[in-house]
Number of protein chains: 2
Amino acid sequence: MKKISEMESIRECSSNYILAVNDTINVIHGKWKAAIISSLLFGKKRYGELQKEIPKITPRMLSKELRDLEANGMVVRTVHDTIPVTVEYELTQSGYAFQHVLDVMLEWGLEHRKRIIGSTK
Amino acid sequence: MKKISEMESIRECSSNYILAVNDTINVIHGKWKAAIISSLLFGKKRYGELQKEIPKITPRMLSKELRDLEANGMVVRTVHDTIPVTVEYELTQSGYAFQHVLDVMLEWGLEHRKRIIGSTK
DNA sequence: CGGCATCCTTATAGATACTG
DNA sequence: CAGTATCTATAAGGATGCCG
């Protein structure tokens, strides 16, 4: 388990720890990116499919967020020159690996909610 | 392992999955919260200590973020009526449990950075 | 010591209409 | 189909000064 010792040594220098964690946070900052990534975890999708599957997202936000995710190496965009053109978005290896982060977030969120509810009743 | 099946059943209804993940994201949104939580993982701290340990945070942002974290059940604020007053901030159980989330974020961030560097050289 | 009040700038996001 | 363009509203964040 090399990763653990690597993490520990980084935590000793806590400013680097924060920088690395913020890298991850910045990749999914904003209101829509987690939803986009989650949708793409089920497989590659076209722009219009994403728009249908993500309630209330505007085309402006969808294309902006997709550009961000592409720039950060989370998704790849493929244009097929059919008529009319079709565009497919697919997660990169990092994008698929991000599922583990989302799962841990989900698990913590559920536990947290249980504790909050338990403490207020 | 009850948690896994619980997670799977939630992922089947993907909008709930997103809502729960966004709960977690909202708890640490912004520029400073991860740094504050990380600092408090080493033990309870006073306001002034946090300000010293978190480079460049202004008092306005520190107190705002601490209030947010307190409202979200992440930290508890304790006022000791010494003269002058001293105030201590400590993580709740959820706050300490959040270390696991941060560690997974760190691990993913390091792997992602390796892949990005590897793909550009 | 541990903040708050005020003012200001920038970032983020929504609505709507339009296009190659 | 897969987006842009434009405009507007709100939120986030910084600078500075003051207070119990």
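A note on names: the letters A, B, ... follow the listed sequences, proteins ahead of strands, and every chain is numbered from 1. Keep in mind the model is a prediction, meaning the values are calculated, not measured.
Take B/Asp23 and apply the side chain to side chain donor-acceptor pair (under 3.5 Å) test, not counting sequence neighbours, and it matches A/Arg113. For B/Lys44, the side chain to side chain contact (heavy atoms under 4.5 Å, CB included) test picks out B/Glu88, B/Glu90, with sequence neighbours left out. For B/Glu53, the side chain to side chain donor-acceptor pair (under 3.5 Å) test picks out B/Ser39, B/Lys45, with sequence neighbours left out. Residues passing the side chain to side chain donor-acceptor pair (under 3.5 Å) test with B/Thr24, sequence neighbours excluded: none. Applying the side chain to side chain donor-acceptor pair (under 3.5 Å) test to A/Ser94 and every residue at least two apart in sequence or in another chain returns B/His112, B/Arg115.
We find that CG of B/Asn22 is positioned 11 Å from P of C/dA13, with the value rounded to whole Å. Residue B/Lys44 contributes atom NZ, which lies 14 Å from atom P of C/dG2 at whole-angstrom precision. Computed from coordinates, the A/Lys31 NZ to C/dA13 C1' distance equals 7 Å when rounded to whole Å.
Here ring-ring contact (aromatic ring centres under 6.0 Å, His included) pairs that include residues 47-90 of chain A, with residues two or more places apart or in two chains, number zero. The salt bridge (charged side-chain N to carboxylate O under 4.0 Å, His left out) contacts involving residues 28-42 of chain A comprise A/Lys33-A/Glu65, A/Lys33-A/Asp68, where partners must be two or more places apart or lie in separate chains. Listed by first and then second residue, the salt bridge (charged side-chain N to carboxylate O under 4.0 Å, His left out) pairs involving residues 76-85 of chain B amount to none (not counting sequence neighbours).
First and last contacts of DNA chain D with chain A, using any nucleotide atom under 4.0 Å from a protein heavy atom and ordered 5' to 3', fall at D/dC1 to D/dT6.
Contact check of residues 51-78 of chain B against DNA chain C (heavy atom, cut-off under 4.0 Å) returns B/Pro59, B/Arg60, B/Ser63, B/Arg67, B/Arg77.
Counting non-hydrogen atoms of other residues, nucleotides and ligands closer than 6.0 Å to CD of A/Glu70 gives a total above 12.
Between the side chain of B/Thr92 and the main chain of B/Met74, a donor-acceptor pair closer than 3.5 Å is present.
Taking the screw axis at each terminus of the helix from C/dC1-D/dG20 to C/dG20-D/dC1 from five consecutive base pairs, the angle between the two is 60° to within rounding of 10 degrees.
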